[in-house]
Amino acid sequence: MEEVWSKTFEVEGRTFEAVCMRRPFREGFEVHIDVDGEVLTFAELGFGDSALLEKARAMVESYLKTKRGD
């Protein structure tokens, strides 16, 4: 059975959801974040909720800056 949970966070006044899924046969879990129809994905190796949310915020901020052309 697959373990799935989510965490919400804010970037630039918008709320995003990081959906976490345990990775079978691998250490840690995979994180998916939907940003305007584009799914950003990264592997989390169990550094804790704070690290997960900081990495998620950084990825979304970077994506939004790139999308705007900053």
Side-chain angles (χ1 to χ4, degrees):
M1 182 172 193
E2 189 174 274
E3 182 181 359
V4 179
W5 67 99
S6 65
K7 300 278 184 185
T8 58
F9 61 96
E10 286 190 25
V11 174
E12 298 179 4
R14 295 173 58 189
T15 301
F16 296 93
E17 182 178 37
V19 178
C20 309
M21 292 166 268
R22 183 76 49 205
R23 300 182 317 162
F25 310 111
R26 298 171 87 183
E27 186 177 337
F29 49 91
E30 192 168 288
V31 181
H32 295 248
I33 307 161
D34 185 326
V35 182
D36 301 332
E38 183 75 27
V39 178
L40 308 180
T41 304
F42 66 93
E44 171 54 48
L45 299 176
F47 296 118
D49 285 351
S50 295
L52 177 143
L53 292 175
E54 285 305 313
K55 186 169 185 174
R57 278 187 194 99
M59 284 189 74
V60 171
E61 286 173 354
S62 176
Y63 175 80
L64 292 174
K65 284 180 183 177
T66 301
K67 190 175 171 183
R68 284 193 307 261
D70 291 352

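Numbers for residues simply follow the sequence, beginning at 1.
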Engineer: Using atom types as modelled and distance alone, determine if a side-chain donor or acceptor of Glu61 lies under 3.5 Å from a backbone N or O of Leu64.
Structural biologist: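 Side chain of Glu61 to backbone of Leu64, a donor-acceptor pair under 3.5 Å: no, none is there.
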
Engineer: To the nearest 0.5 angstrom, please state how far the CG atom of Asp49 sits from the NZ atom of Lys7.
Structural biologist: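 It comes to 3.5 Å.
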
Engineer: Under a 4.5 Å cut-off applied to non-hydrogen side-chain atoms, are Ile33 and Phe9 in contact?
Structural biologist: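 Of all side-chain heavy-atom pairs linking Phe9 with Ile33, at least one is under 4.5 Å.
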
Engineer: Spell out, as yes or no, whether a donor-acceptor pair under 3.5 Å connects the side chain of Thr66 to the backbone of Ser62.
Structural biologist: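 Here the side-chain-to-backbone pair exists.
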
Engineer: Would you say Trp5 ends up clustered with Leu40 if hydrophobic residues are merged whenever their side chains have heavy atoms under 4.5 Å apart, either directly or through other cluster members?
Structural biologist: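 Leu40 and Trp5: one cluster.
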
Engineer: Tell me whether Leu53 is reachable from Phe16 by hopping between hydrophobic residues (I, L, V, M, F, W, Y) whose side-chain heavy atoms are closer than 4.5 Å.
Structural biologist: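 They do share one cluster, since a chain of ILVMFWY contacts under 4.5 Å joins Phe16 to Leu53.
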
Engineer: Drop me the distance from Thr41's OG1 to Met59's CE, to the nearest 0.5 angstrom.
Structural biologist: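 Answer for the OG1-CE pair, Thr41 versus Met59, is 7.0 Å.
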
Engineer: Following the transitive rule for hydrophobic clusters with a side-chain heavy-atom cut-off under 4.5 Å over Ile, Leu, Val, Met, Phe, Trp and Tyr, establish whether Val31 and Val39 coincide in one cluster.
Structural biologist: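 Looking at the clustering, Val39 is in a separate group from Val31.
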
Engineer: Roughly how far, to the nearest 0.5 Å, is the CZ atom of Phe42 from the SG atom of Cys20?
Structural biologist: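 Output value for this atom pair is 7.0 Å.
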
Engineer: Kindly give the heavy-atom pair with the smallest separation between His32 and Met21, and that separation in Å.
Structural biologist: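 That would be CD2-CE, 2.8 Å.
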
Engineer: Determine the minimum heavy-atom distance between Ser6 and Glu17, stating which atoms define it.
Structural biologist: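 Closest pair (atom of Ser6, atom of Glu17, distance): OG-OE2, 2.9 Å.
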
Engineer: Give the minimum heavy-atom separation between Thr8 and Thr15, together with the two atoms involved.
Structural biologist: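 Reported closest heavy-atom pair: CB-CG2, 4.2 Å.
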
Engineer: For atom NZ of Lys65, is the number of surrounding heavy atoms from other residues, nucleotides or ligands below 6.0 Å larger than 12?
Structural biologist: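 Atom NZ in Lys65 is not crowded, with 12 or fewer foreign heavy atoms closer than 6.0 Å.
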
